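Only one structure is covered here, and it is reproduced in the block below.
All values reported here derive from a predicted model rather than from experimental measurement. Just the heavy atoms: all of them, side chains too, but no hydrogens, waters or symmetry mates, feed the values below.
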Amino acid sequence: MAENQDGQEKSQEPTAKRIADARKKGQVPRSRELNTTAITMIGLAAMMVMAPVFVNSSYRLFEEQFVLDRADIFDPNAMLGHLVAAIGDALVMLAPFFMVLIVVAVLSSIALGGFNVSFEAMQPKLSKLDPIKGMKRIFSAKGLMELLKSVGKFVLVGAATAVLLHAWSDDLLRLGDLSVERSLGEAMRMVMWSALLLSSTLILMAVLDVPFQLWQHRRDLKMTQQEVRDEFKETEGRPEVKNRIRQLQREQAQRRMMAEVPEADVIVTNPTHYAVALRYDPEQQSAPLVVAKGKGLVAANIREIGTAHQVALVEAPALARAIYFNTELNQQIPAALFLAVAQLLAYVFQLRVYQAEGGDIPQQPEHYPVPEAYQHD
């Protein structure tokens with residue numbers, strides 16, 4: 001099991017932040033064997049496909065640039081012109097082949113780990129020149145794996161070469177009986193096919209190297225439990241800071257809630273444990289709205305503010321508990337409590353008329369019809 005510098009066991013899978021930070025540093029899984037195999041095989045296949053074009057173009061290039069007339073022989077600048085023209089024609093001829101190699105090199109590189117550009121990895125670091133760290137990398141597990149892969153490639157290619165030589169030994173001997181042109185053509189064909197077959201042996205190395213690189217990359221990014229806790233604190237914030245933020249948010253919300261109490265029409269109380277402030281405007285609201293609610297000290301503050309602003313306080317324990325437990329702040333009361341709240345508001349509005357004009361004292365309802373499902377002891 002991998003360990004960090006402090007000797008702690010890296011037993012935790014890397015988090016999304018750890019993986020993202022590693023990509024920023026250029027740490028992504030890459031397979032050198034996959035890249036080499038793809039470039040070699042596809043490059044050889046492209047060369048075999050383009051061979052007729054190369055032959056015809058080369059023949060035309062020799063005809064045009066290496067056949068000189070008398071004037072060119074005595075002109076010192078003519079040879080330079082022919083050389084430049086020959087180089088230009090050769091580049092044009094080889095351009096499609098080079099484009100294939102470039103595309104294959106890019107695609108095979110990003111096939112494992114995806115496309116990633118890291119400016120941090122491009123920055124020069126003196127630590128990369130440290131010979132001690134360089135020796136550690138050479139004699140590390142990764143260096144041993146690279147050595148084993150090199151030995152494996154040597155054995156594979158050597159064994160495949162021996163098999164090919166044995167299989168084509170008679171054909172190689174018969175080349176001496178052919179004409180020069182035909183023997184050269186056959187030799188070129190055998191060289192191309194043998195190169196393609198030998199390079200195909202590298203597929204086995206690529207198949208083994210890709211999962212190893214993925215496993216190695218995941219292993220290098222694994223984290224200790226302490227690193228996971230530190231990252232969580234860094235990302236989510238320290239618990240004491242988060243608790244303080246929550247406290248400030250609660251205090252701010254409570255101040256906003258208390259500012260709504262003077263605008264309430266009635267405050268329903270338990271009478272001491274719970275308090276709920278309701279506001280109802282028939283022209284703008286379809287049902288009464290809970291503008292403030294609380295219990296304990298918060299309920300006492302609601303009653304105190306309501307009394308200071310002459311908001312009606314009505315003791316209705318069952319209704320106060322029902323509204324408190326079944327509604328949220330700034331939410332309309334449930335439909336099941338409409339009848340009970342309607343009786344309450346009717347009493348409050350009658351009480352206002354009595355206080356303003358006099359007359360018979362309105363009687364507070366003795367019982368509010370609170371459904372059994374909304375009752376809380």
For this session: Report, as yes or no, whether the 6.0 Å neighbourhood of atom CH2 on Trp168 holds more than 12 heavy atoms from other residues, nucleotides or ligands.
Result: yes
Problem set entry | Min side-chain heavy-atom separation Val261-His309 under 4.5 Å | no
Exercise. Is a salt bridge present between Asp21 and Lys17, judged by a nitrogen-to-oxygen distance below 4.0 Å?
Worked result: yes
For this session: Spell out, yes or no, whether Phe97 and Ile102 are grouped together once hydrophobic residues are joined by side-chain heavy atoms under 4.5 Å, including indirect joins.
Result: no
Exercise. Do Ile323 and Leu278 touch side chain to side chain, with heavy atoms closer than 4.5 Å?
Worked result: yes
Problem set entry | Val290 side chain near Gln331 side chain, heavy-atom distance below 4.5 Å | no
Exercise. Would you find more than 12 non-hydrogen atoms of other residues, nucleotides or ligands less than 6.0 Å from His217 atom NE2?
Worked result: yes
Exercise. Any side-chain heavy-atom pair from Leu337 and Pro371 closer than 4.5 angstrom?
Worked result: yes
Exercise. Under a 4.5 Å cut-off applied to non-hydrogen side-chain atoms, are Leu202 and Lys153 in contact?
Worked result: yes
Exercise. Linking I/L/V/M/F/W/Y whenever their side-chain heavy atoms sit closer than 4.5 Å, directly or via other members, would Phe325 and Val341 fall into one cluster?
Worked result: yes
Exercise. Is there a chain of hydrophobic side chains (I, L, V, M, F, W, Y, each step under 4.5 Å between heavy atoms) that links Met223 to Val28?
Worked result: no
For this session: Kindly give the heavy-atom pair with the smallest separation between Ser109 and Arg30, and that separation in Å.
Result: O-NH1, 3.0 Å
For this session: Hey, could you give me the CE/CG distance between Met99 and Leu101, rounded to the nearest 0.5 Å?
Result: 10.5 Å
Exercise. Given side chains that start at C-beta, do those of Gln213 and Leu112 come closer than 4.5 Å, heavy atoms only?
Worked result: yes
Exercise. Measuring from Gln332:CD to Thr327:OG1, what's the distance to the nearest 0.5 Å?
Worked result: 11.0 Å
Exercise. Looking at Ile203, Ile42, Asp209, which one forms a side-chain contact (heavy atoms from CB on, under 4.5 Å) with Thr37?
Worked result: Ile203
For this session: Inspect the surroundings of OH in Tyr354 and state if more than 12 heavy atoms from other residues, nucleotides or ligands are less than 6.0 Å away.
Result: no
For this session: Give the C-alpha distance, both sets of side-chain angles, the deciding distance and a yes or no for side-chain contact (heavy atoms from CB on, under 4.5 Å) between Glu260 and Arg256.
Result: CA-CA 7 Å; Glu260 296 290 334; Arg256 289 197 302 266; over 6 Å; no
Exercise. Quick one: CD1 on Ile302 to NZ on Lys295, what's the gap to the nearest 0.5 Å?
Worked result: 12.5 Å
Seminar exercise, completed: Closest heavy-atom pair, Ser199 versus Met41, reported as atoms and distance to 0.1 Å, is OG-CG, 3.5 Å
Exercise. Which is it for His367 and Leu319 under the side-chain contact (heavy atoms from CB on, under 4.5 Å) test, yes or no, and what are the steps along the way?
Worked result: CA-CA 9 Å; His367 173 73; Leu319 182 58; over 6 Å; no
Exercise. Applying the 4.5 Å side-chain criterion to the ILVMFWY set and letting contacts propagate, would Leu289 and Leu344 be lumped into a single cluster?
Worked result: no
Exercise. Roughly how far apart are Leu313 CG and Thr307 OG1, rounded to 0.5 Å?
Worked result: 4.5 Å
Exercise. Shared ILVMFWY cluster between Leu107 and Val210, side chains joined below 4.5 angstrom?
Worked result: no
Exercise. Can you tell me how far CD of Gln27 sits from CG of Asp220, rounded to the nearest 0.5 angstrom?
Worked result: 8.0 Å
Exercise. Would you call Asp281 and Glu263 a side-chain contact if the rule is heavy atoms closer than 4.5 Å?
Worked result: no
For this session: Kindly indicate whether the side chain of Tyr274, heavy atoms from C-beta on, has any atom under 4.5 Å from the side chain of Lys293.
Result: no
Exercise. Nearest 0.5 Å, what's the CE-CG distance between Met258 and Asn301?
Worked result: 4.5 Å
Seminar exercise, completed: All heavy atoms of Ser286 vs all of Tyr280, minimum pair found to be C-CE1, 4.4 Å
